[in-house]
A.B. asks: 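Quick one: structure below, then a few questions.
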Amino acid sequence: MNMEALKSALALLFRNRLAGFGAVVLSVVVLVVLAAPLLPIHHPDLTNPANRLLRPFSTNHLLGTDHLGRDLLSRLIWGTRLSLVVGISASIIAAAVGAFIGIVAGFFGGRTDNLIMRGVDMLMAFPYILLALAIVAVLGPGLINALYAVAVVNIPFFARNIRGVTVGIAHREFVDAARLSGMGSWRIIWSEILPNVLPVIVIAISTTVGWMILETAGLSFLGLGSQPPQADLGSMLGEGRKLLINAPHASVVPGVMIFVIVMSVNLLGDGVRDALDPRLRSGALARPAPVTRIDRETVPEKIESNALLDVQNLHTHFEVGERVYKAAGGVDLRVDPGECLGIIGESGSGKSVTALSLLGLVASPPGVIKAGSVRLDGKDLLSTNFETLRSIRGSRISYIFQDPLATLHPLYTIGDQMIEAIRCHRPVSKKEAMTKAIQLLEKVQIPNPKARIGSYPHEMSGGMRQRVGIAMALANEPEIIIADEPTTALDVTVQAQILALLSDLRRQRDLALIFITHDFGVVAQLCDRVAVMYAGKIVEVGPTEEILAHPAHPYTMRLIDCVPELGGGKRKLSAIAGLPPAVDRLPDGCAFAPRCDRAEEDCRLGTLATTPAGTSRSVRCLHPSLEQI
Ligand code: ADP
Ligand code: MG
């Protein structure tokens with residue numbers, strides 16, 4: 001890990017206050033016990049019967065003494081040292097052996113896996129502490145034997161955990177590629193598998209080490225771990241227990257220490273897990289609310305129009321820690337009944353976020369709608385209650401997503417999923433829903449729908465799955481379908497079929513369609529009007545034909561120049577130089593200015609409003625190309 005990565009991981013760790021607290025407490029404890037030989041304290045085993053059971057804060061004995069007159073502070077420090085060493089060693093042994101077993105079982109699979117894992121299962125079948133007791137009983141009491149016992153009973157936990165992760169990556173393409181390049185199994189394990197499971201191992205250690213310290217203390221408490229006069233926290237607690245009434249400090253002192261250590265280790269462990277696991281880091285475990293959080297100061301005035309859907313000044317932000325990503329930074333859109341509106345823009349320009357914001361589907365946290373309104377038939381969807389919104393989702397407005405394999409449930413047949421989609425909004429019997437589902441599959445031109453309805457998503461081709469996606473979107477006869485790059489995952493011929501299908505369905509049913517894409521070729525084929533999006537704002541909008549013929553915004557021109565024309569001669573295809581700006585650090589003025597060849601000084605100042613261009617178009621640019629309009 002380089003310095004930068006280490007720094008960012010540490011920053012992440014300390015952003016979690018509790019983990020930072022755990023780290024600080026644990027560091028103090030570790031520093032003190034490491035320095036034990038240098039500290040001016042008594043010898044931990046030095047008995048002095050004349051001074052037995054002194055209370056804490058007596059002269060010379062800060063924490064008092066035990067029943068043999070030994071200094072409790074000194075025993076506490078040395079005992080903690082021993083407990084930590086034993087607990088941590090046990091976790092490392094358990095992790096190393098368990099991970100090895102898990103990787104071998106997961107990687108080789110088949111009989112090896114079966115044999116190993118059944119052995120592990122047998123170990124797991126015994127109650128945990130009973131197994132540890134049995135092992136110590138066989139090996140004989142003693143701290144080292146307690147260490148072995150604790151390590152052994154924890155091996156199955158690591159083995160199971162790591163096997164699961166290994167199975168998940170053993171058949172991935174990069175492992176196949178390594179095999180194809182002629183690497184041997186052990187080399188693949190070392191260079192391909194191990195680096196991928198290492199974070200999981202670290203996470204597993206960090207979350208179990210506290211538990212292991214506790215188990216070692218448990219064995220010592222029962223007299224099976226450290227033997228007198230040697231002290232560890234467990235044995236101190238065991239000795240103190242007998243004097244609980246007369247001299248409570250003798251057991252409270254080690255008890256508090258065990259609590260402090262285990263608590264700080266666990267807090268730190270959770271923090272390490274959150275910092276290392278990229279999924280947790282992005283807040284995957286934070287269950288998003290059913291509706292995006294809305295935090296608007298005012299609702300924009302209603303504009304009288306006959307639009308079916310009217311979006312005004314929509315601001316959707318992602319608030320991640322200190323950063324604010326302005327994914328949609330003031331989007332205005334209008335969709336008329338039966339119209340197809342294209343939204344086009346580079347990847348990351350905020351198209352999906354805009355589309356999801358319309359029905360409050362952006363995950364919150366971190367998403368929040370800061371301003372704007374979304375009016376369906378004049379009624380603001382962002383002001384309605386959840387039930388109303390839910391009844392609109394999928395019935396009046398429905399979605400088609402980019403990757404149908406990711407949106408269809410892998411374990412249900414497409415029939416079941418379609419029936420579910422229908423019955424979610426209509427009180428019909430299963431049988432009626434089934435008939436309707438078959439009709440829908442027919443509508444989207446799936447051959448032999450009666451047989452196909454029982455198929456699972458993985459049994460269909462990409463194009464077919466997308467047809468199922470479309471059929472599901474049509475299930476409740478919506479007025480608007482929002483299609484978010486529905487053909488990007490498909491090859492060109494299938495893409496053409498799907499586009500033709502959408503176009504037909506739209507005309508038959510008088511559907512409004514919001515079609516999101518990054519391809520002007522697709523827009524030209526399907527859309528009546530097009531809105532060009534850049535860095536969270538619509539920069540140009542107007543009828544497709546006019547915009548294609550005479551783009552006004554420099555960005556639109558560049559986008560159109562990116563589309564190759566088949567048989568169109570030897571035109572030079574120009575890529576747009578540079579990258580879109582990061583939406584958490586948008587420049588002043590026009591966000592496209594840094595990449596624009598028409599940009600002048602005034603483009604980099606203030607905020608830019610849209611200006612009308614011609615009768616039906618508008619553009620957000622100070623120096624648009626307007627000659628032809
Ligand atoms: P696209 O136009 O490709 O559909 P998106 O709408 O998915 O783009 O994303 C727009 C912007 O929002 C991107 O710059 C992305 O970095 C940001 N974004 C999306 N989701 C999140 C999130 N969960 N946290 C932070 N930023 C996000
Ligand atoms: Mg997208």
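Every number for a ligand or one of its atoms is a count from 1 in the order of the listing.
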A.B. asks: N/O to N/O below 3.5 Å, does that happen between K351 and ligand 1?
C.D. replies: yes
A.B. asks: State which residues pass ring-ring contact (aromatic ring centres under 6.0 Å, His included) with F515; sequence neighbours excluded, sorted by chain then number.
C.D. replies: none
A.B. asks: At a threshold of 2.8 Å, where the distance has to be below it, does the Mg ion (ligand 2) have an N, O or S atom of Q402 nearby?
C.D. replies: no
A.B. asks: State the atoms of ligand 1, each with its element, that fall below the 4.0 Å cut-off from a heavy-atom position in A327.
C.D. replies: 11 (C), 12 (O)
A.B. asks: Nearest non-hydrogen atom to atom 3 (O) of ligand 1 belongs to which of A328, G348, P581, G367?
C.D. replies: G348
A.B. asks: Ignoring angles and geometry beyond distance, decide whether E485 reaches within less than 3.5 Å of ligand 1 through its nitrogen or oxygen atoms.
C.D. replies: no
A.B. asks: Which ligand 1 atoms, with their elements, are less than 4.0 angstrom from a heavy-atom of S347?
C.D. replies: 3 (O)
A.B. asks: So, applying side-chain contact (heavy atoms from CB on, under 4.5 Å) with C340, which one of V523, L526, I481 is it?
C.D. replies: L526
A.B. asks: Atoms of ligand 1 less than 4.0 Å from V583 heavy atoms?
C.D. replies: 14 (O)
A.B. asks: Start with the C-alpha distance between E540 and T556, add both sets of side-chain angles, then the distance that settles side chain to side chain donor-acceptor pair (under 3.5 Å), and finish with yes or no.
C.D. replies: CA-CA 8 Å; E540 178 162 15; T556 318; 2.6 Å; yes
A.B. asks: Donor-acceptor pair, K351 side chain versus I344 backbone, under 3.5 Å?
C.D. replies: no
A.B. asks: After noting the C-alpha distance and the side-chain angles of S364 and T292, does the key distance pass the side chain to side chain donor-acceptor pair (under 3.5 Å) rule?
C.D. replies: CA-CA 5 Å; S364 272; T292 312; 4.9 Å; no
A.B. asks: Please walk me through it: do E346 and Y555 pass side chain to side chain donor-acceptor pair (under 3.5 Å)?
C.D. replies: CA-CA 10 Å; E346 271 166 291; Y555 179 59; 3.0 Å; yes
A.B. asks: Looking only at heavy atoms of G345, does any of them come nearer than 4.0 Å to an atom of ligand 1?
C.D. replies: no
A.B. asks: Just distances here: any N/O of S349 and N/O of ligand 1 closer than 3.5 Å?
C.D. replies: yes
A.B. asks: With a 4.0 Å heavy-atom cut-off (strictly under), which part of V353 contacts ligand 1: side chain, backbone, both or neither?
C.D. replies: both
A.B. asks: Would you please test R296 and D380 for salt bridge (Lys or Arg N to Asp or Glu O under 4.0 Å) and show each step?
C.D. replies: CA-CA 13 Å; R296 293 182 295 183; D380 184 25; 3.0 Å; yes
A.B. asks: Can you list the steps and then say if R506 with D528 is a salt bridge (Lys or Arg N to Asp or Glu O under 4.0 Å)?
C.D. replies: CA-CA 12 Å; R506 185 167 77 80; D528 306 316; 3.5 Å; yes
A.B. asks: Is F318 close to ligand 1, meaning an N/O of one under 3.5 Å from an N/O of the other?
C.D. replies: no
